[in-house]
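Report on one structure; see the data block that follows.
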Amino acid sequence: MPQTTNNSGEGSGHPVRWGILGTGFIADLQASDLIEHGFTIQAVGSRSAASATGFAAKFHVPSAHGSYEDLVADPEVDVVYVSTPHPFHYENALLALNAGKHVLIEKPFAMNAWQAREIVDLAEAKGLVALEAMWTRYLPHMVRIRELVRTGALGDVRTMIVDHNQNLPKDPLHRLNDPALGGGALLDLGIYPVSFAFDVLGAPANIRAVASRTATGVDRQTAMIFEYSDGQQALLHCALDTAGPNRASIIGTEGSIAIDSVWYTPSPFTRYDADGNVVERFDEPVTGRGMQYQAWELERLIRARATANDILSARESVRVMETIDDVRRQIGLSYEADRT
């Protein structure tokens, strides 16, 4: 039974008002989709007053705060979008929740499972929404794929094959290559195929993982095999220094789905029957980048006075982090947050 919320735009006579915590690249993307689709961005907060002011000017945001503390204390903010790098999600989310704000937290939800649990425990105790910004889950092609899997259109799903490989900056000081900033392919890129496997097959019964390292000690590429109790397998791969096809396949006894590149963005897919004949071509246009769908879902939860959904509950985000923790143990990748 969903818990009731204790805050925000529901029943208050005003739209849900967003605060943006952090002013980096991903904040720009989310803010652009919010603005384009009629959401209300009320405030922005940064550790730098100049950065907050610049962001506010760019997106015509009414209030700019020179600290995260001031942002979450703003009485005109209902929801805080946490867009900072991974190692700061935990403290930033707790800061917002303790101020009575709902949170949309960039992926990965936290650095590890214990941090994720503490975020969810606090949100539940306060009756607030804590939603992971796994925007892919809410895109139209993923909604249709879940429907096809659920109704048995593919028969028994046996296999998933998913990659997320990109050619990203090689600078050892870049956050992607810096262990202190949660660098590595797994947390930045691998989170997508791992979450997709959860979406279709659920939590794995067994995990096998291997990785190669960068000179800075983070994973350059990681390969994973998820095994399930009924014999299904998910074959997942991520890499940060080689561009890949970035396609995904779901294979069942009665048919299969092949998602075009780039599968985790708004993408067409083709469904085949067991004989390889095309039976469906899905191609629904999406305006903007597609990050508005997760924002619509968060606002829906607030107005419904609910704190979790069936698409990606906060408790499932914890289970995803537990799985990633297991992968990291197998490949020998640890972070400072693991020792806290």
Side-chain angles (χ1 to χ4, degrees), residues 2-12 14-22 26-45 59 61 71-72 74 76-84 89-90 92-110 116 119-140 142-143 146 191 195 199 264 266 286-318 320:
Q3 298 181 18
T4 57
T5 63
N6 64 6
N7 185 34
S8 87
E10 194 279 330
S12 60
H14 61 67
V16 174
R17 299 163 298 185
W18 288 74
I20 310 295
L21 191 152
I26 196 69
D28 268 34
L29 295 177
Q30 182 67 74
S32 295
D33 275 355
L34 291 176
I35 295 295
E36 181 176 355
H37 295 90
F39 293 84
T40 299
I41 304 180
Q42 179 62 35
V44 60
F59 292 103
V61 177
L71 172 69
V72 303
D74 189 329
E76 306 222 335
V77 169
D78 304 311
V79 178
V80 170
Y81 169 57
V82 176
S83 69
T84 46
H89 290 179
Y90 170 70
N92 296 156
L94 295 187
L95 183 71
L97 290 166
N98 278 317
K101 313 300 186 185
H102 306 284
V103 287
L104 176 65
I105 306 168
E106 256 312 317
K107 77 207 86 59
F109 198 64
I119 291 170
V120 177
D121 287 347
L122 181 60
E124 290 179 349
K126 290 183 171 290
L128 294 165
V129 180
L131 191 69
E132 183 178 13
M134 179 49 72
W135 61 298
T136 303
R137 290 272 185 124
Y138 303 95
L139 295 174
M142 289 297 175
V143 174
R146 277 194 296 273
I191 182 70
S195 186
D199 197 11
Y264 56 85
V286 170
T287 57
R289 189 169 189 251
M291 297 174 76
Q292 66 272 18
Y293 293 95
Q294 62 185 1
W296 276 322
E297 176 61 11
L298 191 144
E299 291 197 2
R300 185 194 70 79
L301 290 171
I302 292 172
R303 293 194 170 95
R305 291 189 171 274
T307 57
N309 62 25
D310 295 329
I311 298 173
L312 179 57
S313 70
R315 287 294 170 189
E316 183 172 339
S317 291
V318 173
V320 169

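This chain uses plain numbering: 1 for the first residue, then up along the sequence.
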Item to check | Distance-only donor-acceptor check, side chains R137 and S195, under 3.5 Å | outcome: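 Checked: R137/S195 side chains pair up, N/O donor to acceptor below 3.5 Å.
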Item to check | Exercise: do N309 and E297 side chains pair donor with acceptor under 3.5 Å | outcome: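 Yes, E297 and N309 have a side-chain donor paired with an acceptor closer than 3.5 Å.
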Distance-only, no hydrogens or angles: does the [X] side chain make a donor-acceptor pair with backbone N or O of [Y] under 3.5 Å?
X    : Y    : answer
T307 : V129 : no
K101 : D74  : yes
D33  : M291 : yes
Q294 : W135 : yes
H89  : E106 : yes
Q292 : G290 : yes

Say you draw a straight line from [atom1] of [X] to [atom2] of [Y]; how long is it, rounded to the nearest 0.5 Å?
X    : Y    : atom1 : atom2 : result
M134 : I105 : CE    : CD1   : 13.0 Å
H102 : L298 : NE2   : CG    : 7.5 Å
S83  : D28  : OG    : CG    : 9.0 Å
W296 : L301 : CH2   : CG    : 15.0 Å
L94  : L122 : CG    : CG    : 6.0 Å
I26  : T84  : CD1   : OG1   : 11.5 Å

Checklist entry - Considering only heavy atoms from C-beta outward, does the side chain of V120 approach that of S317 to under 4.5 Å? => result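 They are not in contact (no side-chain heavy atoms under 4.5 Å apart), so the answer is no.
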Checklist entry - How about E76 and H14: do any of their side-chain heavy atoms sit closer than 4.5 Å? => result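 They are not in contact (no side-chain heavy atoms under 4.5 Å apart), so the answer is no.
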Item to check | side-chain contact (heavy atoms from CB on, under 4.5 Å) assessment of V143 paired with Y293 | outcome: CA-CA 11 Å; V143 174; Y293 293 95; over 6 Å; no
Checklist entry - Should the pair D121-K126 be classified as a salt bridge under the 4.0 Å nitrogen-to-oxygen rule? => result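 Salt bridge: no.
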Checklist entry - For the side-chain contact (heavy atoms from CB on, under 4.5 Å) test, which of E299, Q30, E132 pairs with L104? => result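 Only one of E299, Q30, E132 forms a side-chain contact (heavy atoms from CB on, under 4.5 Å) with L104, namely Q30.
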Checklist entry - Among V77, T40, V79, whose side-chain contact (heavy atoms from CB on, under 4.5 Å) with V16 holds? => result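 Output: one option passes, namely V79.
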Determine the minimum heavy-atom distance between [X] and [Y], stating which atoms define it.
X    : Y    : answer
A43  : L71  : CB-CD1, 3.7 Å
L139 : P266 : CD1-N, 3.6 Å
I119 : A93  : CD1-CB, 4.0 Å
Y81  : A27  : CE2-CA, 4.0 Å
I311 : E316 : O-OE1, 4.3 Å

Checklist entry - Going through the distances and angles, do V72 and L21 end up as a side-chain contact (heavy atoms from CB on, under 4.5 Å)? => result CA-CA 9 Å; V72 303; L21 191 152; 4.3 Å; yes
Checklist entry - What's the verdict on side-chain contact (heavy atoms from CB on, under 4.5 Å) for Y138 and L312, showing C-alpha distance, side-chain angles and the deciding distance? => result CA-CA 9 Å; Y138 303 95; L312 179 57; 3.9 Å; yes
Next on the checklist: Assess the residue pair L34 and I20 against the criterion (side-chain contact (heavy atoms from CB on, under 4.5 Å)); give the C-alpha distance rounded to whole Å, side-chain angles, the decisive distance to 0.1 Å, and a yes or no.
Outcome noted: CA-CA 11 Å; L34 291 176; I20 310 295; 4.2 Å; yes
Checklist entry - When the ring planes of F39 and W18 are compared, do they come out parallel, tilted or perpendicular, using 30° and 60° as the limits? => result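 The arrangement is perpendicular - the two ring planes meet at more than 60°.
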